[in-house]
Asker: 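I have a structure here, written as structure tokens, and I will follow up with some questions on it.
Every chain is numbered from 1 and lettered A, B, ... according to where its sequence line falls, protein lines coming before strand lines.
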Amino acid sequence: MKYLDEYRDAALVRKVADELQRITTQPHTLMEVCGGQTHTIVRFGLDQLLPPAVELIHGPGCPVCVTPIEIIDQAIDLASRPEITFCSFGDMLRVPGSQRDLLSVKAAGGHVQMVYSPLDAVRLAREQPERQVIFFAVGFETTAPVNALAVRQAAQLGLDNFSLLVSHVLVPPAIEALLNSPDCRVQGFLAAGHVCTIMGCEEYQPLAEKFRVPIVVTGFEPLDILQGVLMAVRQREQGRSEVENQYTRSVRDEGNRAAQDLIRDVFEVVPRRWRGIGDIPRSGLGLTPAYRNYDAVHKFTLNTEQVAENSGECISGLILLGQKKPHECPAFGTRCTPQRPLGAPMVSSEGACAAYYRYRM
Amino acid sequence: MNETILQLNCPLPITDYPQILLAHGGGGTLMHELLDKMILPTLQGVAGGLPGSTLSLPEAPHDAALLILGNGRVAMTTDSFVVQPLFFPGGDIGELAVYGTVNDLAMSGALPLYLSVGLILEEGLPMETLWRVLQSMRRAADSVNVRIVTGDTKVVQRGKGDGIFINTAGIGLVPDGVHIHAQRIQPGDSILVNGDLGRHGLAIMIQREGLRMESALTSDAAPLHELVHSLLNNGIEVHCLRDLTRGGLSSALNEIAQGSGLTLQISEADIPISSAVRSACELLGLDPLQVACEGRCVAFIPADQADAALACWQQHPLGRPARRIGTVLQNPTSRTPRVHLRTPFGVERVLDMLSGEQLPRIC
């Protein structure tokens, strides 16, 4: 398959792994930010190809995992109302709120609709003017443009029965929060290629300079990831801390300006709570006042109070900070499984714990 | 009300979900929990049957039960078909209802003989649709030489069904000397698959979800009994067979690992998957090893007969792309039997069963 097989070529992967062995003279602790990268690493066993001195920590870049529990509860509340059709990407349906998940709401008769694009939800709103259609807008900068486009389209069509339940998060503030943590062990980052395809590389420059860490914008295929690791290790071995772009086939320095304009028109930066991590200032997107009528939180009466996670046992914070690996958690694979997750990283297939459970047990 | 049943209901064994989810029918872990905790303990092993007859329920889960009636061994199985859309690229619900049950029988080595058909029709179903489905069932039954001998028809109110639901049950005769089940698998056995994976599941999903993909994917639905009998007729010692339906290769192999108590090692590079299936799975965030097939099976064969078995299959139109995909290993005591997948980079990971429903990933 073109554009995939080239990046899964066993001989090339071996070559990069050998080069990594050759240049590594000291310990390096790197974090891959994105859950998609974690998934590739564990699925292909890439960490087993690294020199023992290179350790990968699995970062918080899984939108499903970090959506706060109170927003999941809001989604469940909305989806349970008879007049509402609640649309979502597939893997949000299984995420447990404080009582249940969206799949259970669907089983109980709620109108929960899995869609592949927010534009499908706009189409539903158009076809069913008597129903309120809500799209669960989660994700990083990657999914923000298409969600913004959906709102714009709904506005152009004059739809007053379409809205978003927004839980968008932003990558750079999360990296900064991790680096500011006194326990942080991360010495370099593989930044998420898809996010940078939209946003470009420029916002990572100040982080690399301030914290003196290499940041390599990296793709998602096995060869991409090993090459990203190689570039970060090479920088550290040479005493550099720069922003480099491994994913040049998709990422330009300035990103996609049209997509950025769309995001800026519809969304504004807001504080956001991350499940498993906590509150991070300026780390999320919310709808701007001009589009408030498309904000489900504004439109419907909802409980917006914070909900305490009821699992005191989950150590997701330690896992996201790289203090612990998933299998070092006493609940891992016993009381906490993908069928009955106790915490965020076990929820989505891109969460670190779920990836370990699925591929490592 | 029987007291035993009351005790079983309270407390409910599965407390996590008070209602049935679609995921309970997905062929993954949730479905197995439902079977193991509620359905099998309640319904299996009740008294009855022909005096003097023996019932050989395999200890490991299998698609067909083996009944010893007089001097003959009879395989019996049942399957229900609720597929939407009713007509899809490469097949339809009628054909599927025949082949699915024929395949379940074939996997025990039985020669499929007779089927029953239960039709549940929804009020308002166009007569023309029913006619097409019936014609298709008849053609399928004729093509595999089984007779439909009994049946039942019910109609439910509009909105209470999904057009047509079909249940078929089948019986077949197991030839003397044929013993096919997971406990016969030996360390060293080769694992064979008869063709490329995932086409049925994706063909259905692309049409059902209205994904506007330019795809020529057609279902792999096909009867597998001839492939099985070509092995048996050529003197191949078949230890175990399993057709790959819901949950795909990963569910089938995990069930077999548990049933045999052995570790299965497969090689990712040797598993045949078409580039259309791979592309669609990449786009949708699905694992092709967990996608359903309807005309694919795995066979466990002694290593020294694997080449002969492959040659046998490759002469048949349904087995031309057959490949050897792995080997059975001894399982170290105290370890749970698992399926190990060797990636093209030479490292190993676990191949796990689907947990519930296959849900496309966000990004």
Asker: Taking side chain as everything from C-beta outward and backbone as N, CA, C, O, which of these in A:D9 sits under 4.5 Å from a heavy atom of chain B? Side chain, backbone, both or neither.
Answerer: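 Contact with chain B involves the backbone of A:D9 alone.
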
Asker: Do A:Y359 and A:H39 have ring centres separated by under 6.0 Å?
Answerer: yes

Asker: Heavy-atom pairs under 4.5 Å with chain B are the metric here; pick the option from A:L46, A:T337, A:D101 that has the most.
Answerer: A:D101

Asker: Where do A:K325 and A:D47 land on the salt bridge (Lys or Arg N to Asp or Glu O under 4.0 Å) test, with the steps shown first?
Answerer: CA-CA 13 Å; A:K325 291 277 187 220; A:D47 48 341; over 6 Å; no

Asker: Side chain, backbone, both or neither: which part of A:V42 has a heavy atom under 4.5 Å from chain B?
Answerer: backbone

Asker: Could you tell me whether a side-chain N or O of B:Q84 sits under 3.5 Å from a main-chain N or O of B:D162, the two making a donor and an acceptor?
Answerer: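 Side chain of B:Q84 to backbone of B:D162: a pair is present.
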
Asker: Is there a donor in the side chain of B:Q19 and an acceptor in the side chain of A:S104, or the other way round, less than 3.5 Å apart?
Answerer: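 The criterion, which ignores hydrogens and geometry beyond distance, is not satisfied for A:S104 and B:Q19.
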
Asker: Any donor-acceptor pair under 3.5 Å linking the side chain of B:Q258 with the backbone of B:P337?
Answerer: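 No; judged by distance alone, with no hydrogens or angles, the pair does not exist.
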
Asker: At a heavy-atom separation under 4.5 Å, does B:E348 approach chain A through its side chain, its backbone, both, or neither?
Answerer: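 Backbone only.
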
Asker: Go through the atoms of A:R100 and report whether side chain, backbone, both or neither lie under 4.5 Å from a heavy atom of chain B.
Answerer: neither

